[in-house]
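Encoded as structure tokens, the structure appears first; notes follow it.
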Amino acid sequence: MPPFSRGFHRRPPREDVDPSRVPPGQYVVNDFPVLSAGPTPRPKLDEWSFSVQGAVDGAASWTWEELNALPQETFTVDIHCVTKWTKLGTTWTGVSVDTLMDGVATEAEYVSVWADGGYTTNVPLEDLRDGKAWVVHTFDGEPLEPAHGGPARLLVPHLYFWKSAKWVRGLTLTVEDEPGFWENAGYNNYGDPWREQRYWGD
Ligand SMILES: Nc1nc2c(c(=O)[nH]1)N[C@H]1C(S)=C(S)[C@@H](COP(=O)(O)O)O[C@H]1N2
Ligand SMILES: [Mo]
């Protein structure tokens with residue numbers, strides 16, 4: 001017997017995938033791909049802040065320390081990228097958008113999410129409320145890696161993953177819907193993976 005056999009490729013054990021968790025046209029990955037439209041920003045945490053602003057009464061802003069002092073939630077969700085990979089059972093920790101919107105009054109129905117590096121994405125406010133979205137800083141119990149959006153990213157798992165802005169810095173409430181970076185480039189304005197809303201017109 002040679003010490004190792006060349007033809008043998010060890011594969012990770014394939015977990016049984018529940019097909020009802022995989023949206024149409026998606027396939028399941030075990031790794032965590034990185035998709036970024038530009039370089040990875042490296043903000044200094046002592047200069048970092050997160051704001052809720054725009055068409056609101058009671059605009060609010062938190063420093064890094066203040067954000068971390070808010071009530072934290074740890075949750076496990078599936079994520080779906082429009083390039084067709086789905087990652088099941090990802091565990092995150094962060095602050096619910098409901099917590100961030102506490103004490104903010106608005107009649108605006110849209111949010112323009114903005115991030116370091118200039119990325120923006122638009123989401124209806126109701127899609128960020130009622131336990132549907134978080135600002136997360138921890139993945140699998142570890143600080144979120146810069147490539148995956150650290151120090152903090154938005155997480156909106158029920159929409160395609162481009163809505164989950166990495167390096168997020170704020171939510172601007174808008175009265176009119178304002179398409180963001182990918183939405184202006186032909187991707188769907190809403191992005192529901194279960195209705196396969198990939199491109200404008202889907
Ligand atoms: N700021 C910022 N956020 C972003 C992106 C980006 O380019 N810049 N890409 C989006 C897209 S298209 C996807 S699929 C996910 C990728 O996140 P990941 O690199 O952690 O997998 O981030 C989304 N959020
Ligand atoms: Mo994506």
Side-chain angles (χ1 to χ4, degrees), residues 21-45 47-53 64 67 74-95 97 100 110-124 127-128 132-172 178-200 202:
R21 282 169 70 180
V22 185
Q26 298 290 111
Y27 62 89
V28 173
V29 296
N30 290 319
D31 59 344
F32 194 169
V34 170
L35 280 103
S36 304
T40 295
R42 308 258 175 176
K44 293 198 180 116
L45 289 184
E47 291 166 11
W48 188 95
S49 65
F50 187 87
S51 319
V52 174
Q53 60 195 47
W64 178 252
L67 187 93
T74 295
F75 55 94
T76 299
V77 293
D78 303 337
I79 53 182
H80 313 290
C81 173
V82 72
T83 64
K84 301 198 169 178
W85 56 266
T86 281
K87 188 169 175 59
L88 301 177
T90 61
T91 299
W92 307 83
T93 304
V95 178
V97 172
L100 299 169
Y110 302 97
V111 178
S112 176
V113 183
W114 60 277
D116 277 330
Y119 187 86
T120 58
T121 187
N122 55 314
V123 187
D127 284 86
L128 300 182
K132 293 200 279 289
W134 297 261
V135 172
V136 296
H137 47 70
T138 297
F139 172 72
D140 253 355
E142 301 287 341
L144 183 58
E145 283 174 29
H148 284 300
R153 76 182 297 163
L154 189 69
L155 207 78
V156 196
H158 72 288
L159 299 177
Y160 279 126
F161 208 30
W162 86 77
K163 299 287 184 178
S164 294
K166 304 198 278 192
W167 317 298
V168 70
R169 292 289 307 279
L171 308 179
T172 302
E178 291 175 13
F181 180 83
W182 285 118
E183 296 82 5
N184 271 312
Y187 284 86
N188 193 269
N189 196 50
Y190 183 62
D192 179 351
W194 297 98
R195 290 189 280 165
E196 222 175 336
Q197 294 175 335
R198 298 179 193 276
Y199 306 106
W200 207 267
D202 281 350

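Start at 1 and go down the list; that is how both ligands and their atoms are numbered. For the numbers below, each heavy atom of this structure counts, side chains included, while hydrogens, waters and symmetry mates do not.
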When distances are taken from atom 16 (C) of ligand 1, the protein heavy atom at minimum range is L35 O, 3.5 Å
Atom 14 (S) of ligand 1 [closest protein heavy-atom partner, distance rounded to 0.1 Å]:
C81 SG, 3.2 Å
Using 4.0 Å as the upper bound for N to carboxylate O, is an ion pair formed by D127 and K132?
no
Under 4.0 Å to a heavy atom of [X] - the qualifying atoms of ligand 1, by number:
X: S164; result: 22 (O), 23 (C), 24 (N)
X: P33; result: 18 (P), 19 (O), 21 (O)
X: A165; result: 3 (N), 24 (N)
X: S36; result: 7 (O)
X: W182; result: 12 (S)
X: W85; result: 21 (O)
X: W167; result: 1 (N), 2 (C), 8 (N)
X: A37; result: 6 (C), 7 (O)

Can you find a heavy atom in the side chain of [X] that is under 4.5 Å from one in the side chain of [Y]?
X: F75; Y: V136; result: yes
X: T83; Y: W162; result: no
X: L35; Y: C81; result: yes
X: L171; Y: W114; result: no

Counting both backbone and side chain atoms, is some N or O of [X] under 3.5 Å from an N or O of ligand 1?
X: D116; result: no
X: G38; result: no
X: H148; result: yes
X: V34; result: no

Considering the options Y199, Y190, W200, Y187, which one meets the ring pair (Phe, Tyr, Trp, His ring centres under 6.0 Å) requirement together with W182?
Y187
For atom 3 (N) of ligand 1, which of the options K166, K163, R153, H80 provides the nearest non-hydrogen atom?
K166
Return the option from F161, Y187, Y119 holding the heavy atom at the smallest distance from atom 13 (C) of ligand 1.
F161
Just by distance, no angles: are the side chains of T93 and T74 close enough, under 3.5 Å, to form a donor-acceptor pair?
yes
Compute whether any side-chain donor of one residue and acceptor of the other, for S112 and T120, lie under 3.5 angstrom apart.
no
Applying a 4.0 Å heavy-atom criterion (strictly less than), which segment of [X] is in contact with ligand 1: side chain, backbone, both, or neither?
X: Y160; value: neither
X: F32; value: side chain
X: W162; value: both
X: W114; value: neither

Between W64 and W48, what is the ring plane arrangement, given parallel below 30°, perpendicular above 60°, and tilted in between?
perpendicular
Could you establish whether G149 and ligand 1 come within less than 4.0 Å of each other, counting only heavy atoms on the residue side?
no
Under 3.5 Å: donor-acceptor pair, side chain of W85, backbone of D31
no
Please determine whether side chain to side chain contact (heavy atoms under 4.5 Å, CB included) holds for the pair N122 and V113, giving the CA-CA distance in whole Å, both sets of side-chain angles, and the decisive distance to 0.1 Å.
CA-CA 6 Å; N122 55 314; V113 183; over 6 Å; no
Pairs flagged by salt bridge (Lys or Arg N to Asp or Glu O under 4.0 Å) wherever residues 139-154 is involved - sequence neighbours left out:
none
Tell me, please, which residues at least two apart from D78 pass salt bridge (Lys or Arg N to Asp or Glu O under 4.0 Å).
R21
